[in-house]
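Reckoned from all heavy atoms, side chains included, excluding hydrogens, waters and symmetry mates.
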Amino acid sequence: VRTAGPKLLLRFTCTHAPDDGIPDSEREVVKQISRSSYEKGVVLARCPCHGKLHLIADNLGWFGDDKNVEEMLAARGETVTRDGYWTDGRDVYETS
């Protein structure tokens with residue numbers, strides 16, 4: 001992350017092309033992202049298993065009406081859990 005300020009730790013499992021033979025253990029992605037970008041800007045995270053970009057937050061409306069991964073997954077009936085907090089107050093998000 002190149003921006004100053006608070007960070008979030010994002011953890012998710014890539015579900016792109018589930019029948020491609022890549023084991024689940026190699027689909028887990030952990031990224032550090034800017035809290036400001038997550039709350040006010042656009043965040044894309046590249047997964048190492050496919051090299052695909054995953055839309056995490058779009059507060060500028062570039063990719064649709066949903067503002068962040070929490071809203072996107074809620075629209076599909078899925079949830080995002082706030083897994084815990086670091087001692088400096090940074091949230092840890094996990095998609096499930």
Could you walk me through whether Leu55 and Leu44 pass the side chain to side chain contact (heavy atoms under 4.5 Å, CB included) check?
CA-CA 5 Å; Leu55 181 62; Leu44 297 167; 3.6 Å; yes

Any Val29 side-chain heavy atom under 4.5 Å of Thr13 side chain
no

Under 4.5 Å between any side-chain heavy atoms of Ile33 and Ile56, yes or no?
yes

Donor-acceptor contact present, side-chain Glu78 to main-chain Ala74, <3.5 Å:
no

Between the main-chain N or O of Arg46 and the side-chain N or O of Lys31, is there a donor-acceptor pair closer than 3.5 Å?
yes

Donor-acceptor under 3.5 Å (Asp58 side chain, Phe63 main chain)
yes

Would you confirm whether Asn68, through its side chain, and Ala57, through its main-chain N or O, come within 3.5 Å as a donor-acceptor pair?
no

Residues in side-chain contact (heavy atoms from CB on, under 4.5 Å) contact with Lys40, at least two apart in sequence or another chain:
Ser36

For the residue pair Gln32 and Leu8, establish whether any side-chain heavy-atom pair is separated by less than 4.5 Å.
no

List the steps, then state whether side chain to side chain contact (heavy atoms under 4.5 Å, CB included) holds for Val42 with Asn59.
CA-CA 6 Å; Val42 175; Asn59 294 289; over 6 Å; no

Should Leu60 and Leu53 be regarded as members of a common hydrophobic cluster, given that ILVMFWY residues are connected when their side-chain heavy atoms come within less than 4.5 Å of each other, either directly or indirectly?
yes

Any heavy-atom pair between the side chains of Glu28 and Arg11 that's under 4.5 Å?
yes

Are any non-hydrogen side-chain atoms of Glu70 and Tyr38 less than 4.5 angstrom apart?
yes

Could you check whether any side-chain heavy atom of His54 comes within less than 4.5 Å of a side-chain heavy atom of Cys14, counting everything from C-beta outward?
yes

